Amino acid sequence: MVTNTMESIRSWQKERVKEDEITRYLDHGRDFIDDNALETLLARAPGEPEPARVREILAKSLSVKDLSLEEVALLINVRDPDILEEMRETAFKVKLKIYDNRIVTFAPFYLGNYCVNRCTYCGFNSDNREARRRVLDEEAIKAEVVELAGKIGHKRLIAVYGEHPKNDVDYIVRSLETIYSVRVPTRHGHGSIRRVNVNAPPFPVADLKRIGEAGIGTYQVFQETYHRKTYARLHPADTIKGNYRWRLYCMHRSLEAGIDDVGIGALFGLYDWRFELLALVKHSQELEQRLGIGAHTISFPRLVPALNSVITPDWPHLVSDEDFRKIMLVIRLAVPYTGMIITAREKAAIRNEAVRLGITQMDASSRIAIGGYSDHVTGQAEDRQQFILGDTRSLDTLVRDLAAMGHITSFCTAGYRCGRTGKCIMDLLRSGAEGKFCKLNAVLTFQEWLDDFAGEETRRLAQPLIEREVADIRAKNPKALDIFLEYHARIKKGERDLYL
Ligand code: SAM
Ligand code: SF4
């Protein structure tokens, strides 16, 4: 029986990778990551760049233009504290110019921890005998969504799946339908999940089409490391994930499959962060050049401890806080309009700092143990989690902390539901026009959340912020004022999910 199961998993694995869905993107047999070229760029960039040249690059970012790889390599080398301070100021200005004072929030939702791969840094890897494995059935998914949408108040999730027949495309599509079907009464209205982004293994085009048709927001796959030798070391060759190019071209396939918001990322700490940073920018450029749409979001998770991970404290490439700050700064400056996600892997202090370095999205009230929301897991359940969380703040606390910094928490999910996705959203962001919709929707959804879920203290702190935002809309977007005020009043009376 066990042998039969293992045999069927093995044959399932063999059929996953479709070679022709890699080769058709290659250029004379080569992929777009040229390790030597990236290493050379880093080696060629001068010690400390000329301040005048750095300022030219900063001006380019501020005018919302992508930076070249040479320019990114140059910024990576800045060490002078005064110039670094100028970079910080510019990154925050760029963020405010495009995304204003909004931070979009979401929650991670792990649906299962079975996995056929053996990524040596991940608690779900199939060699980890201590992991307690589970995949959520329909009832269990609903129970989780009741907590997420009915008690905490999330509207947006990132659904996370391992690579396993139990979590295959049929399961993913069914689970998305289940998530979207749940509607929970709240204090003054009702709660539901309105946008599910997906972080899952690379799929072939046919499966990606089905996932896209299930109504997802962004499809995310992180390359982990773009450095081939390190990739080969950490992802055994006899696993699906051992195929570097199958993963590298997943976003090409996703765009081809009609999922036009794609998220890329690197797991910082596996290899030299400078190399990964250049490779991430190169990946986004490649998508833009070949398929007309760059990365919608960039993630830069930093390695954290996981049960039975091979990564020990003396691993040579672990990233310090100082370098991590620079990673965020440089991404913000290199791709000014791309969303940047910092997750609760990081501690609260650095996440708070990141708000002024250009990030646009944060999770909160996160539980990553399978079934952890409805089980009310307190603390961390190491044998049910992929890794250990650094920031376990509740959404209520995060909203308050952001409000204290003058930021509003946006629960807006209107973009993809109004067809503002892919190239359309990128063009709107570049031109600054998207900000007009986002501001209105951010305030409307923030009000909705405050009325339904916020603690008393949070509501008290947030009220002046809402008033300031309304005054801002009155001054800067008078054409939209009437409709905004009408929607706002309707939300105050208990209507939900109104957006522009
Ligand atoms: N199984 C899918 C895959 O690998 O593509 C889903 C993604 S996995 C559940 C989400 C991401 O978590 C991985 O892509 C990896 O970057 C990150 N991750 C894995 N182990 C980690 C660790 N120890 N610390 C921080 N992030 C980790
Ligand atoms: Fe599986 Fe993803 Fe973990 Fe690798 S990172 S072992 S593919 S869950």
Side-chain angles (χ1 to χ4, degrees), residues 9 13 16-17 108-129 131 133-135 157-169 171-172 197-203 207-208 211 218-226 230-231 234-236 238-244 246-251 253-254 262-271 276 280 297-313 315 317-319 324 341-347 363 366 368-370 380 382 384-391:
I9 293 178
Q13 264 179 274
R16 299 303 298 155
V17 175
F109 181 16
Y110 280 70
L111 286 105
N113 60 347
Y114 284 92
C115 193
V116 294
N117 295 313
R118 305 199 304 278
C119 312
T120 47
Y121 45 80
C122 171
F124 291 171
N125 94 70
S126 65
D127 282 345
N128 184 1
R129 303 264 172 260
R133 312 265 170 188
R134 182 178 172 201
V135 60
L157 301 179
I158 173 94
V160 187
Y161 304 86
E163 185 153 37
H164 196 276
K166 288 181 194 285
N167 274 339
D168 204 357
V169 62
Y171 175 84
I172 294 183
N197 298 329
V198 168
N199 184 316
F203 278 96
D207 291 351
L208 288 165
I211 294 172
T218 311
Y219 195 74
Q220 288 185 350
V221 173
F222 305 154
Q223 187 62 24
E224 319 299 13
T225 171
Y226 288 88
T230 309
Y231 191 95
L234 299 171
H235 306 101
D238 61 345
T239 60
I240 307 170
K241 193 144 165 186
N243 190 326
Y244 176 95
W246 178 241
R247 201 166 179 87
L248 190 66
Y249 284 105
C250 181
M251 291 313 159
R253 295 194 296 276
S254 305
V262 296
I264 60 173
L267 182 50
F268 279 89
L270 297 181
Y271 183 61
E276 308 289 16
L280 270 174
T297 55
I298 293 190
S299 298
F300 35 89
R302 190 161 50 152
L303 259 181
V304 290
L307 186 64
N308 296 328
S309 157
V310 296
I311 310 290
T312 50
W315 184 259
H317 302 296
L318 295 180
V319 176
F324 189 62
I341 305 173
I342 186 166
T343 68
R345 288 173 180 84
E346 297 296 332
K347 298 206 165 52
D363 54 336
S366 301
I368 57 170
I370 314 298
Q380 311 218 24
E382 213 189 18
R384 286 163 59 193
Q385 297 189 184
Q386 193 189 17
F387 46 76
I388 305 303
L389 289 177
D391 182 359

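Because the structure is a prediction, the values reported are computed rather than measured. Atoms within each ligand, like the ligands themselves, are counted from 1 in listed order.
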Self-check item: Heavy-atom side-chain proximity of Ser254 to Met251 below 4.5 angstrom
Solution: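 Yes, at least one pair of side-chain atoms sits under 4.5 Å.
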Practice problem: With heavy atoms only and a cut-off of under 4.0 Å, state how His235 meets ligand 2: side chain, backbone, both or neither. | Solution: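 Neither part.
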State the atoms of ligand 1, each with its element, that fall below the 4.0 Å cut-off from a heavy-atom position in [X].
| X | result |
| --- | --- |
| Tyr121 | 19 (C), 20 (N), 22 (C), 23 (N) |
| Tyr161 | 1 (N), 2 (C), 6 (C) |
| Gly162 | 1 (N) |
| Val160 | 9 (C) |

Quiz item: Can you say whether the rings of Trp315 and His317 are parallel (under 30°), tilted (30 to 60°) or perpendicular (over 60°)?
Solution: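 Rings of Trp315 and His317: perpendicular, over 60°.
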For [atom], what is the closest protein heavy atom, and at what distance to 0.1 Å?
| atom | result |
| --- | --- |
| atom 8 (S) of ligand 1 | Gln386 NE2, 2.9 Å |
| atom 7 (C) of ligand 1 | Asn199 OD1, 2.9 Å |
| atom 21 (C) of ligand 1 | Phe387 CD2, 3.7 Å |
| atom 26 (N) of ligand 1 | Arg345 NE, 2.9 Å |

Between the side chain of [X] and the main-chain N/O of [Y], is any donor-acceptor distance below 3.5 Å?
| X | Y | result |
| --- | --- | --- |
| Asn197 | Thr218 | yes |
| Asp207 | Val169 | no |
| Asp363 | Ala344 | yes |

Quiz item: Would Asp168 and Arg16 pass as an ion pair if we require N to O under 4.0 Å?
Solution: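 Salt bridge flag = yes for Arg16 with Asp168.
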Exercise. Out of Glu346, Arg247, Arg302, indicate the one that has the non-hydrogen atom closest to atom 3 (C) of ligand 1.
Key: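 Selected option, by shortest heavy-atom distance: Arg247.
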Self-check item: Selection from Val304, Val198, Asn167 by shortest heavy-atom distance to atom 24 (N) of ligand 1
Solution: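 Minimum heavy-atom distance to atom 24 (N) of ligand 1 goes to Val304.
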Exercise. Flag Glu224 as yes when one of its N or O atoms lies below 3.5 Å from any N or O atom of ligand 1, and as no otherwise.
Key: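 Such a contact does occur with ligand 1.
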Practice problem: Please say whether Cys122 places an N or O atom under 3.5 Å from an N or O atom belonging to ligand 1. | Solution: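 Not met; the criterion fails.
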Self-check item: Under 2.8 Å from atom 3 (Fe) of ligand 2, the protein N, O or S atoms, given as residue and atom
Solution: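 You should have found Cys122 SG.
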Quiz item: Partners of Cys122 by side-chain contact (heavy atoms from CB on, under 4.5 Å), sequence neighbours excluded?
Solution: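 Expected list: Cys119, Phe124, Gln386.
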Exercise. Work out whether the distance between some heavy atom of Ala200 and some atom of ligand 1 is less than 4.0 Å.
Key: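 It does, in that a heavy atom of Ala200 comes within the 4.0 Å cut-off of ligand 1.
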Practice problem: Answer with yes or no whether Lys241 contacts ligand 1, where contact means a heavy atom under 4.0 Å from a ligand atom. | Solution: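 The answer is yes: ligand 1 sits under 4.0 Å from a heavy atom of Lys241.
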Exercise. Could you list the atoms of ligand 2 found under 4.0 angstrom from a heavy atom of Lys241?
Key: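 Near Lys241, meaning under 4.0 Å from one of its heavy atoms, ligand 2 has 2 (Fe), 4 (Fe), 5 (S), 7 (S).
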